[in-house]
K.L.:
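The structure follows.
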Amino acid sequence: MTSRWEDRQVSERGDLSKWALLSVAAAVVTISLKTYAWWITGSVGLLSDAAESVVNLVAAAGAFIALKVAARPSDDDHNFGHTKSEYFSAVVEGVMIVVAAGVILYTAVERLINPQELEAVGIGLLISVGATVVNGLVAWKLITVGRAHRSMSLEADGKHLLTDVWTTVGVIGGVALVGITGWPPLDSLVAMAVAVNIILVGWRLVRDSTMGLMDTVIPESERDAVDEVLDQFRGDGVDFHDVRTREAGHMRFVQMHMLVPGTWTVQQAHDLVEEVEAALHDAVDDLRPTIHLEPIDDPRSYEPWRR
């Protein structure tokens with residue numbers, strides 16, 4: 001059971017889960033490359049980098065499921081759609097990142113206590129560079145598509161991969177310094193720095209996704225666009241008040257009172273509502289407005305829905 005507006009929005013956005021599959025494929029490739037790099041070098045820094053790629057794989061699988069669910073139209077059990085499922089995948093990704101960081105810290109401390117000489121550093125670093133290129137290209141694509149379609153799952157996954165890119169760059173630099181200086185503890189210190197950075201990324205993901213579950217208002221630029229539309233229709237006995245907004249995944253919701261002359265017919269008022277809704281849809285993508293009609297000369301019309 002969908003509205004004509006929602007049918008159009010679902011069709012225009014499409015199923016974005018194919019992009020999550022790209023992330024899954026990238027994670028499999030980079031896990032293989034980074035694990036091999038760790039195996040031939042014995043570097044705990046490279047091991048920490050490989051562990052983060054395992055998290056990438058879990059997160060990409062979660063994003064795939066969430067995007068599949070989010071693509072479903074509204075039904076009898078979910079009248080406003082399934083778009084909030086993307087927030088859940090972002091929460092899971094954030095938690096998994098923090099868990100991986102804990103494992104990395106434990107391994108790094110153990111190696112700091114029991115240092116180990118590295119082997120085949122040059123080959124290992126070359127393999128890691130290849131994995132970084134793969135992650136960088138996929139991260140750029142996911143962030144681009146995620147922003148274009150306002151998909152928190154894809155954008156979060158892309159930002160996570162981008163963080164992985166910078167993490168790998170740091171690890172490569174640290175391992176290279178170990179090879180140059182011959183001081184093994186530096187490998188563990190680099191791994192610890194990686195773990196701290198991963199924890200920060202995980203915390204931001206959890207924070208942002210849980211804020212989304214709290215039905216926050218739409219971005220200021222989009223609210224300004226809504227106000228500009230309403231200003232076009234104000235005048236000649238028409239006004240708006242008690243405008244409230246919220247966002248759920250890529251969907252935006254706005255509800256308001258529209259005040260019209262009490263002498264208007266139902267047909268006149270309804271025709272204006274249709275015009276306002278059409279203008280709002282043109283101004284803000286994926287917007288679902290709810291407009292409550294009231295006579296402008298009735299004092300009760302100025303009472304808010306919620307006190």
K.L.:
Are V24 and L137 connected in the hydrophobic side-chain network, where two residues link if heavy atoms are under 4.5 Å apart?
P.N.:
no

K.L.:
Distance from H257 atom NE2 to I291 atom CD1, nearest 0.5 Å?
P.N.:
11.5 Å

K.L.:
Of the non-hydrogen atoms in G237 and I296, which two are nearest, and what is the gap between them?
P.N.:
O-CD1, 3.4 Å

K.L.:
Is there a path of hydrophobic side-chain contacts, each under 4.5 Å between heavy atoms of I, L, V, M, F, W or Y residues, that connects W39 with V29?
P.N.:
yes

K.L.:
What are the two closest heavy atoms between G158 and A139, and how far apart are they?
P.N.:
O-CB, 3.4 Å

K.L.:
Return the minimal non-hydrogen interatomic distance between F240 and R234, and the atom names on each side.
P.N.:
O-NH2, 3.3 Å

K.L.:
Is there a chain of hydrophobic side chains (I, L, V, M, F, W, Y, each step under 4.5 Å between heavy atoms) that links V133 to V165?
P.N.:
no

K.L.:
Using a 4.5 Å cut-off on heavy atoms from C-beta on, say whether the side chain of R300 contacts that of P295.
P.N.:
no

K.L.:
Do L142 and W19 come within less than 4.5 Å of each other through their side chains, counting heavy atoms only?
P.N.:
yes

K.L.:
The criterion is salt bridge (Lys or Arg N to Asp or Glu O under 4.0 Å); which residues satisfy it with D227, sequence neighbours excluded?
P.N.:
R223

K.L.:
Please give me the minimum heavy-atom distance between L280 and P289, naming the atom from each residue.
P.N.:
CD1-CB, 4.0 Å

K.L.:
Hey, what do you get for NE2 (H292) to CG (D242), rounding to the nearest 0.5 Å?
P.N.:
10.0 Å

K.L.:
Might you confirm whether atom CZ of F233 has over 12 heavy atoms from other residues, nucleotides or ligands at distances under 6.0 Å?
P.N.:
yes

K.L.:
Under a 4.5 Å cut-off applied to non-hydrogen side-chain atoms, are T245 and V226 in contact?
P.N.:
no

K.L.:
Kindly say whether S32 contributes a backbone atom to a donor-acceptor pair with the side chain of T35 at under 3.5 angstrom?
P.N.:
no

K.L.:
Where do E222 and R252 come nearest, in terms of heavy atoms and distance?
P.N.:
OE1-NE, 2.8 Å

K.L.:
Return the minimal non-hydrogen interatomic distance between L293 and A269, and the atom names on each side.
P.N.:
CD1-CB, 3.4 Å

K.L.:
If I take atom CG from residue D231 and atom CG from residue D239, how far apart are they, to the nearest 0.5 angstrom?
P.N.:
9.5 Å

K.L.:
Do the side chains of I31 and V28 join up, straight or via other hydrophobic residues, at under 4.5 Å, putting them in one cluster?
P.N.:
yes

K.L.:
Side-chain contact, heavy-atom cut-off 4.5 Å: V254 with I218?
P.N.:
no

K.L.:
Can you give each donor-acceptor pair under 3.5 Å made by side-chain atoms of residues 258-267, sequence neighbours left out, with the distance rounded to 0.1 Å?
P.N.:
from	atom 1	to	atom 2	distance (Å)
T265	OG1	Q268	N	3.1
Q267	NE2	D271	OD1	2.9

K.L.:
Evaluate the side-chain proximity of H241 to E294: yes if any heavy-atom separation is below 4.5 Å, no if none is.
P.N.:
yes

